[in-house]
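Taking it in order: structure first as structure tokens, then the write-up.
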Amino acid sequence: MFLCTQEAIKIMKAQDPRGGRIINNGSISAHAPRPRSVAYTATKHAVTGLTKSTALDAAGITSPAARSISATPRPR
């Protein structure tokens with residue numbers, strides 16, 4: 001994900017007009033971990049951190065509304 005984000009930023013800087021959106025798909029587990037899911041929860045925290053850091057570092061290139069969004073399927 002990190003390498004893809006780096007490449008996306010390079011492309012967004014080089015194109016005319018500059019800019020674009022990067023969408024990272026996280027999980028509710030980053031905010032509400034479940035038992036016996038340490039590795040999964042850690043990676044979802046990493047997605048959230050990467051997304052927030054990218055939004056700060058790429059200010060002026062990406063959307064100012066860049067943020068981490070988690071979605072959970074609704075029960076049927």
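Values in this document were obtained by computation on a predicted structure and should not be read as measured data.
- K13 approaches R18 most closely through the heavy-atom pair O-CG, 3.5 Å.
- A continuous path of ILVMFWY side-chain contacts below 4.5 Å connects V47 to F2, so both sit in one hydrophobic cluster.
- Under the 3.5 Å distance criterion, the side-chain polar atoms of E7 are left unmatched by any main-chain donor or acceptor of I11.
- Heavy atoms only, all atoms of each residue included: S29 and T41 are closest at O-CG2, 3.4 Å.
- The side-chain heavy atoms of H45 and T48, taken from C-beta on, include no pair separated by under 4.5 Å.
- Between I9 atom CD1 and I22 atom CD1 the span is 4.0 Å, to the nearest 0.5 Å.
- Side-chain contact check for N25 versus M1: every heavy-atom pair is 4.5 Å or farther apart.
- The shortest non-hydrogen separation linking R21 to M12 is N-SD, 3.8 Å.
- Within 6.0 Å of CD1 on I23 lie no more than 12 heavy atoms contributed by other residues, nucleotides or ligands.
- Note that CG of L50 is 5.5 Å distant from CG of N24, once rounded to the nearest 0.5 Å.
- Pairing each heavy atom of G26 with each of K44, the nearest pair is C-CD, 4.2 Å.
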